[in-house]
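Start at 1 and go down the list; that is how both ligands and their atoms are numbered. Nothing here was measured: the structure is a model prediction, and the numbers come from that model.
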Amino acid sequence: MFEDFRFICEYFDAPVFFALSGVGDFMVSYGRSQRLLERLLGLDVEVALDTNGAALQEFPELAPERLEKLRFINLTMHYHQIKQKNLLERWPANARIILERRFEQTHPDYILSPPLRDEWEEAIAFYAQTVYAHTGRPLIPVRDVNRPFTPDDEDRLARLYARFGEVLKGEYVEDFSAAFRDRPEVMCPAGVRYFRVWNDGRVQGCPNLPNVPSLHDCGNVKERRLTVRKALFRCDTPAFCDCSAIDKLGMMRTPVE
Ligand code: SF4
């Protein structure tokens with residue numbers, strides 16, 4: 001997999017920002033002896049990392065100059081799985097190491113899933129005792145967009161904010177279209193400077209518009225193929241995860257009439 005990263009960096013011959021996210025956890029996708037994160041951070045890159053904190057691999061040993069290239073760490077506490085997999089000691093120890101090494105850049109969050117509502121309070125109390133008490137870093141509640149809250153869930157959440165005070169901070173609502181309410185059209189760099197690379201090597205500029213071939217199929221890094229669009233795409237459906245990610249990276253443009 002390292003050679004895939006290197007191929008991308010060499011192809012663009014410029015700093016590359018990798019967002020390591022999606023199905024499966026990057027940190028458990030390789031063995032510790034491979035030191036993949038360390039080698040990746042040795043390239044001309046910046047990295048945003050989504051992790052569930054179950055495994056740290058070589059993270060605790062990263063040299064400061066490599067650690068600095070980790071610009072954002074989204075640390076999600078999957079409390080139900082932490083209990084099921086008997087990680088009640090290991091997970092908070094890992095979370096504390098991540099925060100110790102990259103405090104400002106780490107954003108711990110917890111998905112409030114309505115089917116697991118009876119566990120919400122226990123989960124937040126666990127975080128409060130094992131992570132917040134040692135680090136002072138609050139937990140960001142995230143609404144599960146796929147399962148709407150009932151009025152009772154809203155009350156429950158309000159009571160949790162009241163009980164836990166500073167432990168819970170803010171709230172993340174995954175409404176990707178919100179940033180585009182006043183911008184129904186954008187000039188998008190998908191396929192030019194933004195790509196989504198799948199685990200099997202497929203590269204897409206935008207996975208949301210299958211009827212635009214130059215956006216939907218940009219090659220395959222495992223076959224060492226990349227096809228890059230020359231021009232930005234004028235898009236009137238900016239409402240998805242990728243659109244939001246591109247916008248947050250400051251790469252989305254307003255159309256010029
Ligand atoms: S704005 Fe979103 S939907 Fe439109 S091309 Fe870009 S990534 Fe795709």
Side-chain angles (χ1 to χ4, degrees), residues 1 4-5 7-26 29 40 43-51 69-74 76 105 107 109 111 140 142-148 171-257:
M1 194 165 15
D4 300 340
F5 286 117
F7 166 70
I8 294 169
C9 288
E10 287 177 355
Y11 185 95
F12 290 103
D13 192 23
V16 177
F17 190 103
F18 285 103
L20 305 175
S21 182
V23 182
D25 195 284
F26 176 75
S29 70
L40 170 60
L43 299 173
D44 191 4
V45 298
E46 294 182 276
V47 170
L49 173 68
D50 271 354
T51 179
K69 296 182 183 177
L70 267 174
R71 298 294 193 217
F72 188 96
I73 301 175
N74 185 38
T76 300
Q105 294 75 18
H107 303 265
D109 64 31
I111 298 167
I140 305 166
V142 180
R143 284 178 191 248
D144 182 343
V145 278
N146 300 313
R147 298 179 181 90
E171 184 182 332
Y172 182 69
V173 183
E174 242 178 23
D175 180 2
F176 300 124
S177 62
F180 300 100
R181 292 226 167 92
D182 300 327
R183 293 181 292 165
E185 268 201 338
V186 293
M187 298 303 292
C188 178
V192 182
R193 292 173 57 219
Y194 175 89
F195 301 88
R196 179 185 274 247
V197 184
W198 297 90
N199 285 358
D200 60 7
R202 278 177 303 128
V203 182
Q204 296 181 313
C206 168
N208 310 301
L209 301 178
N211 51 348
V212 185
S214 66
L215 285 176
H216 205 62
D217 179 5
C218 300
N220 189 308
V221 291
K222 296 210 177 288
E223 297 164 9
R224 305 293 181 250
R225 287 191 294 112
L226 269 180
T227 310
V228 176
R229 285 172 53 87
K230 290 199 170 47
L232 301 184
F233 184 75
R234 190 176 187 123
C235 181
D236 60 5
T237 56
F240 306 100
C241 167
D242 296 84
C243 324
S244 170
I246 294 169
D247 198 38
K248 282 182 186 152
L249 287 168
M251 294 160 67
M252 206 64 95
R253 301 279 171 262
T254 306
V256 177
E257 298 304 332

Trainee: Is the number of heavy atoms from other residues, nucleotides or ligands under 6.0 Å of N199 CG greater than 12?
Mentor: no
Trainee: Can you confirm whether more than 12 heavy atoms, excluding those of N211, are under 6.0 Å from its CG atom?
Mentor: yes
Trainee: Looking at F233, which atoms of ligand 1 are within less than 4.0 Å of one of its heavy atoms?
Mentor: 5 (S)
Trainee: For atom 8 (Fe) of ligand 1, does an N/O/S atom of C188 lie at less than 2.8 Å?
Mentor: no
Trainee: For D217 and G219, indicate whether the former's side chain and the latter's backbone hold a donor-acceptor pair under 3.5 Å.
Mentor: yes
Trainee: Look at the aromatic rings of F5 and F26 and report parallel, tilted or perpendicular, splitting at 30° and 60°.
Mentor: perpendicular
Trainee: Go through it in stages, so that I can follow the logic: the residues are D200 and K222, the test is salt bridge (charged side-chain N to carboxylate O under 4.0 Å, His left out), and I'd like the CA-CA distance, side-chain angles, deciding distance and then a yes or no.
Mentor: CA-CA 8 Å; D200 60 7; K222 296 210 177 288; over 6 Å; no
Trainee: Tell me which part of Y194 gets within contact of ligand 1: side chain, backbone, both or neither, using heavy atoms under 4.0 Å.
Mentor: neither
Trainee: As an exercise, identify every atom of ligand 1 less than 4.0 angstrom from a heavy atom of L209.
Mentor: 5 (S)
Trainee: Would you mind checking which non-hydrogen protein atom is closest to atom 8 (Fe) of ligand 1, with the distance to 0.1 Å?
Mentor: C206 SG, 2.3 Å
Trainee: Suppose we measure from atom 4 (Fe) of ligand 1 to each protein heavy atom; which comes out shortest, and what is that distance?
Mentor: C235 SG, 2.3 Å
Trainee: So which bit of C243 gets within less than 4.0 Å of ligand 1, heavy atoms only: side chain, backbone, both or neither?
Mentor: both
Trainee: Just checking F195 against F12, ring centres under 6.0 Å apart?
Mentor: yes
